[in-house]
Protein chains: 2
Amino acid sequence: MSHLPGVRQARKQKTRQALLDAALELLEGQSLSSLGLREVTRAAGIAPTAFYRHFRSVEDLGVALVEEALGSLHPMIRTTVSTIGDGEERIARAIDLIVGHVDAYPAHVRFVTRERHGGVRPVREAIHGQLGLFTAEVAEALAADAVSAGWSREDVLMLAQLYVDLMLGTASLLLEGAREWERVSRVAARQMRLIGIGRAHWLDQPDGGG
Amino acid sequence: MSHLPGVRQARKQKTRQALLDAALELLEGQSLSSLGLREVTRAAGIAPTAFYRHFRSVEDLGVALVEEALGSLHPMIRTTVSTIGDGEERIARAIDLIVGHVDAYPAHVRFVTRERHGGVRPVREAIHGQLGLFTAEVAEALAADAVSAGWSREDVLMLAQLYVDLMLGTASLLLEGAREWERVSRVAARQMRLIGIGRAHWLDQPDGGG
DNA sequence: CCGTACGGAGAACAGTTGTTGACTGCATGG
DNA sequence: CCATGCAGTCAACAACTGTTCTCCGTACGG
């Protein structure tokens, strides 16, 4: 199929990456639906027409950005959430994961939180799909715990959704108020703890598992 | 100051409202940062230059939209969250409030959830401000419950934030999958129930109120 | 009842946008 | 080694953008 070095394809993916990087940087101050094709190519240092060699439209580039921002996150999620130990240990790991990721890839995080409810349908759907995968992975890990005995599949998923949404919300707060990261992560930890307590007592209620 | 009838001011606010309505409709398919001034005036049926008689820029109009979308919501929140009765009663009321509001003002809800993390700073800040007020109001109501005895102010706020975020997330899900409103509201109810359980057992932990 | 202030229309401006077609140079594969 | 394919450039296009300045009609306040 493709030769290993491929001087040709290497150059192509290089400028493709330049387009993605330029777009991501421009998106720090605006939404994808207002991002112009020429704007991106100008920032990437290539001619406007060359854009079409890589993407059909800016929407298309947006979908590729979703893959770049979220695709490589699955292994990290898995290893973090499947940590053994008490709840506090897991919470600390999760918070560290979020803070570290926001710190390492702020533009990616901003892009995802912004376009999750943004004005470009295909991008929204791509993000929603990836988050659905995350939710399923978290649910799988949660189901393996002893506390989840007797839980319905749907309830484990609703719990996982709670966690995933909380993590995204926390990431967004960390982005906006970078100077308050201590307070934000402390609140997030307490919210996770409270959810964990609710989880532990879920089946105490008469219709808890209904 | 202003005469009661004011044929002049009435006409002005009429076209001002036409601008807001037109913008809101156009925003169903795009983000605010890509909304053009001419686009809005065209949809509102007035000349582009007349726009400046009402707003200094599209950003400005966006901030006004935040006020329109969220400003009138405070009394509803207050009366809903201060319902007396057991937790289930309150949860049902809250879900009804959300579903009813999304059904009655879908464009407003879409605007808020989209621009909450959108690309226009002043609008983001206006939304954040309003949501902060909501959180404070919910916190006040929660603090009045017997279960909140011994809670720190900060913890009541973190609980309120959890509820507010959950309500917004639910509203957004209701918007996207209008056909699944039953499933979505059932999951949301269970999430609120779980949070309520965590709340009830919060002080069971040795360092719960720390 | 009249002068004025104000909401709105119109024309014009320099820029920018997405997309097209034809062209160039070079790595590739036979 | 040569012909092909493909990344990238350039020029041009009609359409659109935000903003300014000038003008018009009319409700308003004295």
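Only a predicted model underlies this, so the values are computations on that prediction, with no experimental measurement involved. By convention in this document, chain letters (A, B, ...) are assigned in the order of the sequence lines, proteins followed by strands, and residues within each chain are numbered from 1.
Straight-line distance from the CD atom of Glu39(A) to the C1' atom of dT19(C): 17 Å, rounded to whole Å. Between Phe55(B) atom CZ and dG8(C) atom P there is a gap of 11 Å when expressed in whole angstrom units. Between the C1' atom of dG18(D) and the CG atom of Asp60(B) lies a distance of 15 Å, rounded to the nearest Å. Rounded to whole Å, the distance from CZ on Arg42(B) to P on dC16(D) is 7 Å. Taking atom OH of residue Tyr52(B) and atom C1' of nucleotide dA9(C), one finds them 15 Å apart after rounding to whole Å. We find that CZ of Phe51(B) is positioned 13 Å from P of dT20(D), with the value rounded to whole Å. We find that CD of Gln9(B) is positioned 11 Å from C1' of dC6(C), with the value rounded to whole Å.
A salt bridge links Glu140(A) and Arg78(A); the closest N-O separation between the charged side-chain nitrogens and carboxylate oxygens is under 4.0 Å. The pair Arg186(B)-Glu154(A) meets the salt-bridge criterion, with a side-chain N (NZ, NE, NH1 or NH2) lying under 4.0 Å from an Asp/Glu carboxylate O. Between Glu176(B) and Arg124(A) a salt bridge is recorded (basic side-chain N to carboxylate O distance below 4.0 Å). Salt-bridge check for Arg193(B) with Asp155(A): failed, with every basic side-chain N at 4.0 Å or more from each acidic carboxylate O. The pair Arg121(A)-Glu59(A) does not meet the salt-bridge criterion, since no charged nitrogen lies less than 4.0 angstrom from a carboxylate oxygen.
Both Arg38(A) and Val58(B) lie close to DNA chain D; mapped to their nearest nucleotides by heavy-atom distance, the more 5′-ward contact belongs to Arg38(A).
In this structure the side chain of Ile197(B) never reaches within 4.5 angstrom of the side chain of Ile197(A), judged on heavy atoms.
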Return the polar atom pairs (N/O with N/O) between nucleotides 6-9 of chain D and the protein under 3.5 Å, or none.
from	atom 1	to	atom 2	distance (Å)
dC6(D)	O2	Arg8(A)	NH2	2.5
dA7(D)	OP1	Lys12(A)	NZ	2.7
dG8(D)	OP1	Thr15(A)	OG1	3.0
dG8(D)	OP2	Thr15(A)	OG1	3.3
dG8(D)	OP2	His54(A)	NE2	2.6
dG8(D)	N7	Arg53(A)	NE	2.9
dG8(D)	N7	Arg53(A)	NH2	3.1
dG8(D)	O6	Arg53(A)	NH2	2.3
dT9(D)	OP2	Ala47(A)	N	2.6

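Near DNA chain C, meaning a heavy atom under 4.0 Å away, there are no residues from residues 17-33 of chain A.
Within the 4.0 angstrom heavy-atom criterion, no nucleotide atom of any strand lies near Arg56(B).
Residue pairs meeting the salt bridge (charged side-chain N to carboxylate O under 4.0 Å, His left out) criterion with at least one partner in residues 93-114 of chain B, sequence neighbours excluded, are Glu28(B)-Arg110(B), Glu89(B)-Arg93(B).
Surrounding NE2 of His128(A) are at most 12 heavy atoms belonging to other residues, nucleotides or ligands under 6.0 Å away.
For the residue pair Ser172(B) and His117(A), a side-chain donor N or O sits within less than 3.5 Å of a side-chain acceptor on the partner.
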